[in-house]
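For clarity, every value in this text was computed on a predicted model and none was experimentally measured. By convention here, the first residue in the shown sequence is residue 1.
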Amino acid sequence: MALSFALVIDPAASDDSRTDFAGTFRVIDATAPALSVGELSTQRGDGIFESVGVVDRHPQELIAHLDRLAHSASLCDLPVPNREQWRQAVFTAAEHCPEQGEGVIKLMLSRGIEHGPTPTAWVTAARAPDNTGVRERGIRVVTLDRGYSIDTPARAPWLLLGAKTLSYAVNMAALREAKRRGADDAIFVSSDGFVLEAPTSSLVLKEGDRFVTPAPNGGILHGTTQLGLFDHLASLGHETAYETIPVGRLATADAAWLLSSVRLAVPIIAIDGAELTADRELTASFNQFLLSPRA
Ligand code: PLP
């Protein structure tokens with residue numbers, strides 16, 4: 001996924017009330033080296049990020065992404081991002097996504113250079129990979145122990161479990177383990193047997209006429225795609241719920257999906273080798289909604 005555009009942001013104070021932040025952006029060559037070797041993002045994974053899906057140059061669910069960026073910043077003791085500045089940076093980057101079709105914009109905020117004066121902030125744009133096949137085909141998943149209990153986030157907030165940090169090595173290792181086990185993706189389970197999330201997506205189950213997702217109680221990210229889909233389902237009169245879900249309920253769900261900003265809704269067709277029927281019609285309607293312009 002080659003980057004098509006990148007800009008560095010001179011971080012502004014969160015209460016900077018100017019209306020035009022263009023002067024705080026510096027466009028850089030997206031194909032050339034740009035970060036200092038002293039960067040704490042690369043040395044320690046010390047920073048946060050967001051991946052925003054873009055459709056026909058429209059950044060999707062931007063309000064929810066900026067909310068989560070601010071939440072991650074606060075959990076990590078990083079300066080609160082100036083919302084309007086980041087919003088304008090995203091719209092500038094969106095102009096460099098495909099005019100038609102899907103793109104991805106990444107927002108990064110790191111603690112900056114060791115002993116340096118400011119955080120480092122940058123935004124990139126690229127064409128999104130083609131996910132149309134996997135949205136129809138579906139994915140096979142395995143459950144993997146996440147190694148902490150459901151009450152760990154409350155007992156150990158310094159683990160930053162609810163922040164979208166740049167430290168994704170564990171998430172990538174889980175995906176490799178899933179592949180080694182012959183699956184496409186994983187569902188993390190707490191050590192005391194509750195369903196959490198996937199390494200790069202949220203889980204939604206359909207049980208009868210209800211749609212349920214694990215409660216974002218600090219141990220998982222609150223997915224912007226799941227949030228948007230639940231609002232949509234509620235507006236259509238469906239019941240939606242956040243619950244603490246024992247792993248055994250995966251086996252009795254009528255249908256299940258992984259949801260994320262770029263891949264969108266993919267149906268789960270097997271969990272730990274047990275086949276699950278994909279609801280193709282519902283999946284298509286989810287993705288039709290998720291590909292429509294959303295604030
Ligand atoms: N959970 C994790 C760990 C993720 O990395 C992601 C996506 O980045 C999600 C959930 C889904 O979040 P979103 O729908 O905002 O992409």
Polar side-chain atom of [X] near backbone of [Y] as donor-acceptor pair, under 3.5 Å:
X	Y	result
Asn217	Gly219	yes
Asp10	Thr24	no
Arg140	Asp185	no

Problem - NZ/NE/NH1/NH2 to OD/OE distance under 4.0 Å, Lys106 and Glu50 - result: no

Handout entry: Salt bridge flag under 4.0 Å for residues Arg111 and Asp46
Key = yes

Would a single hydrophobic cluster contain both [Y] and [X], if residues Ile, Leu, Val, Met, Phe, Trp and Tyr are joined by side-chain heavy-atom contacts under 4.5 Å?
X	Y	answer
Leu258	Val204	no
Leu159	Phe194	yes
Met172	Met108	yes
Val52	Trp122	no

Problem - Neighbour count >12 (heavy atoms, 6.0 Å) for atom CG, Asp209 - result: no

Exercise for the section: Please say whether more than 12 non-hydrogen atoms of neighbouring residues, nucleotides or ligands are located less than 6.0 Å from CD in Glu281. Expected result: no

If you look at every heavy atom in [X] and [Y], which pair is closest and at what distance?
X	Y	result
Val123	Ala93	CG1-CB, 3.7 Å
Ala13	Asn82	O-ND2, 2.8 Å
Thr120	Gly112	OG1-CA, 3.2 Å
Ala186	Pro199	O-CD, 3.3 Å
Leu276	Ala253	CD1-O, 3.6 Å
Leu196	Pro214	O-CG, 3.1 Å

Handout entry: Exercise: do Thr143 and Asp272 side chains pair donor with acceptor under 3.5 Å
Key = yes

Handout entry: Under 3.5 Å side-chain donor-acceptor pair for Ser110 and Glu39
Key = yes

Check whether any side-chain heavy atom of [X] sits under 4.5 Å from a side-chain heavy atom of [Y], and report yes or no.
X	Y	value
Arg146	Leu144	no
Arg68	Thr224	yes
Leu75	Ile48	no
Ile9	Trp86	yes

Practice task
Take Glu243 and Arg210, measure what salt bridge (charged side-chain N to carboxylate O under 4.0 Å, His left out) needs, and give me the verdict at the end.
Solution key: CA-CA 12 Å; Glu243 290 180 0; Arg210 303 173 74 233; 2.7 Å; yes

Handout entry: Residue of the set Leu259, Thr213, Thr225 for which side-chain contact (heavy atoms from CB on, under 4.5 Å) holds with Phe230
Key = Thr213

Tabulate below the donor-acceptor pairs under 3.5 Å that side-chain atoms of residues 160-167 make, not counting sequence neighbours, or state none.
from, atom 1, to, atom 2, distance (Å)
Lys164, NZ, Tyr168, OH, 3.2
Thr165, OG1, Ser167, N, 3.2
Ser167, OG, Gly45, O, 3.0

Exercise for the section: Please confirm whether Arg294 makes a cation-pi placement over Phe289, using NZ or CZ under 6.0 Å from the six-membered ring centre and within 45° of the ring normal. Expected result: yes

Problem - Chi angles and distances behind the side chain to side chain contact (heavy atoms under 4.5 Å, CB included) call for Arg263, Ile139 - result: CA-CA 12 Å; Arg263 197 170 60 174; Ile139 48 173; 4.0 Å; yes

Exercise for the section: Begin from the C-alpha positions of Glu84 and Gln88 and carry the test side-chain hydrogen bond (donor to acceptor under 3.5 Å, both in side chains) through to its verdict. Expected result: CA-CA 6 Å; Glu84 181 56 19; Gln88 289 181 21; 2.7 Å; yes

Practice task
Could you grab the distance from atom CZ of Arg83 to atom CZ of Phe21, nearest 0.5 Å is fine?
Solution key: 12.5 Å

Practice task
State which residues pass ring-ring contact (aromatic ring centres under 6.0 Å, His included) with Phe5; sequence neighbours excluded, sorted by chain then number.
Solution key: His96

Problem - His222/Tyr242 aromatic ring centres below 6.0 Å - result: yes

